Student: 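My questions will all concern the structure given below.
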Amino acid sequence: MDKAYSPQEVENRLYQKWLDEECFSGKISENKDSYSIVIPPPNVTGVLTMGHVLNNTIQDILTRRARQEGHSVLWLPGTDHAGIATQTKVEQALRKEGTSRRDLGREKFLEKACEWRDEHGGIIFKQLQKLGCSCDWERSVHTLDKDYSDAVLEAFVKLFERGYIYRGKRMVNWCPVSLTALSDEEVIMKPQTSKLYKIRYEIVESPGQYVQISTTRPETIMGDVALAIHPDDERWPNLQGKFVRRPLQPTEIPIIADAAVEKDFGTGMLKITPAHDQLDFEIGQRHDLQFVDLFNPDGSLNEFAGADFEGMDRFDARKAAIEKLKAQGDLIDEETHENNVGFSERADVPIEPRLSEQWFLKYPRVEEAKQAVRDGHIKFFPKRWEKTYLHWLENIRDWCISRQLWWGHRIPVWYRKGEPRSDSVNWFVGINPPDDIENWEQDEDVLDTWASSWLWPLATLGWPSEKAMKEKGLDYFYPTSALVTGPDIIFFWVARMIMAGLEFKGDCPNEISLLPENEISKRIPFKEVYFTGIIRDADGRKMSKSLGNSPDPLELIAKYGADGLRHGIMSIAPKGQDIRFSEERIEQGRNFCNKLWNVCRFRQMSGSPKDNSNFEFICSRLDQSKFTTDDHAILLRLSQTLDEVNKLYQEYEFNSVLHAIYHFFWTDFCDWYIEVSKPRMTDSEDKETCLAVQDICIRQILLLLHPFTPFITEELWSLLGYANGKTIQVFSPGKGADLLKKLSEQGFDLKNESLEEVSKTRELITLLRALKAERNLANNRNVEFFYIGNSNDETAINHNQSSILAMVGAAALKKAEAAPTGLPATVTPLGTFFLDLSAGVDIESERQRLTKESESLVKIIKGIEAKLGNSSFVDKAPVQIVEGAKTQLADNQSKLQETHEALQALQ
RNA sequence: GGACGGCUAGCUCAGUUGGUUAGAGCGACUGGUUUACACCCAGUAGGUCACAGGUUCGAGUCCUGUGCCGUCCACCA
């Protein structure tokens, strides 16, 4: 073994070995319980980000742990075609080649896009493999695979048949750059500093008299078809029913009254442009107004805007409109105004509310989806996200599922040629085209990407094909065990998958009534959802490509190893809180691996183990008569750690799991047990028992760590002879009780009191080291101590003498009958210790130190005495608390007494 | 405008039903080539638990209010 662990070679070799041995393949084994996770599919052309590292490390930890526990595990990977994102990238590439998708036409464009996907796609799989992810790669699914596409279309047709899907002309969120409609969820509201303009409209019936409105969008005035006031607004008793003259594209428009108008905003009078605003659209419908659409799809103005504006971009038109109004004297005022404007998530430009004919989905199984989470069929971690989820479902609105893109699942609807598409008699909806195809033309649009990925847990397991479901084990692996994802897609994906599962899994397809409880628990797509935090940079900013503040995970792997990266990221990921990334933590992860490597190297240097190949063999190497307090204590601590870890896993407290293992490994095992082992190596029988204990501990540490750091643990598993040809992946660290039982069967019943003895001894050592360090004697191993203590202290000290001497770095501990004079002293749990100094002592500085110590003890004692003197404390507090306080008081009083004696002894 | 989260050592965070003297890692400082590991070891310093009230024998922990930071939701043009 080399002095330092070098991950690269190990990681590449072991990953290939795991693949060759098919360790990750998700098999249907009826005699085992299944454990399954479907990956949140990354964009097919995406590359690994720190977010992926976090998310997939967690999934890998869960799946590896489940494998260790004997489940038949499936972690199903795949990629998403990511409609808008990918199409945008391909179009950019085409532009560079001097062409465009329109030039190419649909068919050629899709060919290009597929080529592009095949060339740039799948990189992320290689990267996930670098990270060590134990996905069943043979089962990879892409959302545009034939089978998956069939599932998407089948879902569309079923929902249509069941009455959930309809086509209609509605106000949608239009992206003028991507040239498509978007769902509400794809619109990001951003606070903006806008201008609020006050504009006058002349009253037709009273020439020379004006009313004023407030607007942030003067470029839509040409589309105004009315002005509106609140019906109860007493400021304008006679205005309703009169007409005003529109100041741009002049015409006469009515003044109407509608309760949706806010009296207190602006002038209290609202211009109504039904084609360009959601509220205006609703008012327009109520009052049967005309809809004047002023915009082209790309956000420029059309002929209805008039010659002055036609062809102009919407923001240029805004300026032009203001200039013109100013020139006409109709602009009364302008002021800055803070408001929220919706932006396209992808293109990052303001959304245009636009009237357009689209396909909409009325969500199925909304009630059951609420119930599934509310009643605990699906558990959220952290639980608080349940509220967010439920709130969204309470206020759910129909989903615009059609997209004016080419890259995606084409909507399975055909229209009779030459007939109006808005009339459903001219529709044909089906997975296969109509027989007389020459009379029909297919809808040009595709489905929203999320309208395919919401089927992910079902369709990746073969739904709806009976044959595929059987082969892929839908009944065995579904519902999946856990979903690991970010809270940012709780609406986009999590909620929708739940509804899709409830609607499509199982029979009773046409039943609209509520599902019974037992059906809900069978249909849900997953039983538990773990929401990760968002990774931020050191300044707390979200990591993003544009900020350039996201480190490249592959560089980190090259620098620190995949295990180091995984360890680092998991150590800073508290449950459900955002994560501040720091490269130092990754460095610590690497350091941890190196420490693990070295302790194993040290073990190797002490001599090859006789037989480590199973737990019982190791136990048989233990000799009862050579068992020490430290042996008892370390094994007890190990059993405690096993229990702690089991408990924390159930709560998805990954960083606490890691912390518990870390603490046992580093503090208890390396800093203590290995150190006290050293003096024991001189006696051959003692040595054999001690090494067997080390082997038990290292074995369990490797097993506990394996989900977090799979490579190094597999490597050491084999190097230390635990493997016997078998991978570490199928061995469970087990429960604390299992360990104690196995030891007991071999005749080793661990003594609980050993824990206290060890902790006292350790405290003693720390205090003696400090005493030396303060006198600059840290490196002098020839110092001697005197101590005064009771017979129990003496027993314990004799018991642990050799470790104390070795670890303090001292030559002798001598019992004294009375406090020696003139020596620096320290009060320990095992008596008062005096450092024997051959050289002189600075009495004054010793006095100061001990005086300070005694003052602080007096303060503590006074506090406890006050508490115990308070009759309501003594009467009301539980007995054990009062007793605890009394013990504490006695302890501190005797410590104070000893300190005083040490002070007196100084003269 | 609503909802949720955070505020504990210089930094990042633990602190589970209120109960002994509030912890860890990193960083800082001091010392160190002892039979693994300087990617290491030993030691030291460092905290009015955001603020203000309240409940209680007892509050970092529970209640009320305030402030700051962050996230999500919401049709005030």
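First the proteins, then the strands, lettered A, B, ... as listed; each starts at 1. Just so you know, these numbers come straight off a predicted model, no measurement behind them.
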Student: What one-letter contact string describes nucleotides 22-29 of chain B from 5' to 3', where B marks a base within less than 4.0 Å of any protein heavy atom, S marks contact via sugar-phosphate atoms alone, and - marks no contact?
Tutor: --SSS---
Student: Which heavy atom in A:Val10 sits nearest to a heavy atom in A:Tyr5, and how many Å separate them?
Tutor: CG1-OH, 3.8 Å
Student: If only side-chain N and O atoms of A:Trp666 are considered, is one of them under 4.0 Å from the OP1 or OP2 phosphate oxygen of B:C41?
Tutor: yes
Student: Identify whether any heavy atom of A:Lys3 sits under 4.0 Å from a base atom; if not, whether one sits that close to sugar-phosphate; answer base, sugar-phosphate or nothing.
Tutor: sugar-phosphate
Student: Side chain to side chain donor-acceptor pair (under 3.5 Å) with A:Glu774: which residues, sequence neighbours excluded?
Tutor: A:Arg849
Student: Output one letter per nucleotide in nucleotides 68-75 of chain B: B when a protein non-hydrogen atom lies under 4.0 Å from the base, S when only the sugar-phosphate is that close, - when neither is.
Tutor: --SS-SBB
Student: Do the charged groups of A:Glu644 and A:Lys647 touch, with an N to O distance under 4.0 Å?
Tutor: no
Student: State whether the distance check finds a donor on one side and an acceptor on the other, under 3.5 Å, for side chain A:Glu675 versus base B:A36.
Tutor: yes
Student: Between the base of B:C37 and the side chain of A:Lys595, is there a donor and acceptor pair under 3.5 angstrom?
Tutor: yes
Student: What's A:His276 touching, base or sugar-phosphate or nothing? Going by heavy atoms closer than 4.0 Å.
Tutor: nothing
Student: So which nucleotide from B:G43, B:C39, B:A77 ends up closest to the side chain of A:Thr215?
Tutor: B:A77
Student: Distance between the P atoms of B:U8 and B:U48, in whole angstroms?
Tutor: 12 Å
Student: For A:Met570 and A:His659: C-alpha separation, side-chain torsions, deciding distance, then whether side chain to side chain contact (heavy atoms under 4.5 Å, CB included) applies.
Tutor: CA-CA 10 Å; A:Met570 292 314 296; A:His659 186 258; over 6 Å; no
Student: Taking only residues two or more places apart in sequence, or in another chain, which ones meet A:Tyr673 in a ring-ring contact (aromatic ring centres under 6.0 Å, His included)?
Tutor: none
Student: Both conditions, 6.0 Å and 45 degrees, for the charged tip of A:Lys678 above the ring of A:Phe602: are they met here?
Tutor: yes
Student: Collect all protein-nucleotide pairs involving nucleotides 17-21 of chain B in which both atoms are nitrogen or oxygen and the distance is under 3.5 Å.
Tutor:
residue	atom	partner	partner atom	Å
B:U20	O2'	A:Gln888	OE1	2.6
B:U20	O2'	A:Gln888	NE2	2.2
B:U20	O2	A:Gln888	OE1	3.0
B:U21	O4	A:Asn892	OD1	3.1
B:U21	O4	A:Asn892	ND2	3.1

Student: So that I can tick it off, tell me whether A:Glu394 and A:Lys370 are bridged by a salt bridge, with the cut-off set at under 4.0 angstrom between side-chain N and carboxylate O.
Tutor: yes
Student: Quick one: sort the A:Phe654 and A:Tyr649 rings into parallel, tilted or perpendicular, breaks at 30° and 60°.
Tutor: perpendicular
Student: So which nucleotide from B:A77, B:A36, B:C4 ends up closest to the side chain of A:Val599?
Tutor: B:A36
Student: Any ring pair (Phe, Tyr, Trp, His ring centres under 6.0 Å) involving residues 559-578 of chain A? Give me the pairs, sequence neighbours left out, ordered by first then second residue.
Tutor: A:His567-A:Phe592
Student: Nearest to the side chain of A:Asp671, which nucleotide is it out of B:A77, B:C41, B:C13?
Tutor: B:C41
Student: With a 4.0 Å limit, can you tell me whether A:Arg580 has a side-chain N or O closer than that to the phosphate oxygens OP1/OP2 of B:U12?
Tutor: yes
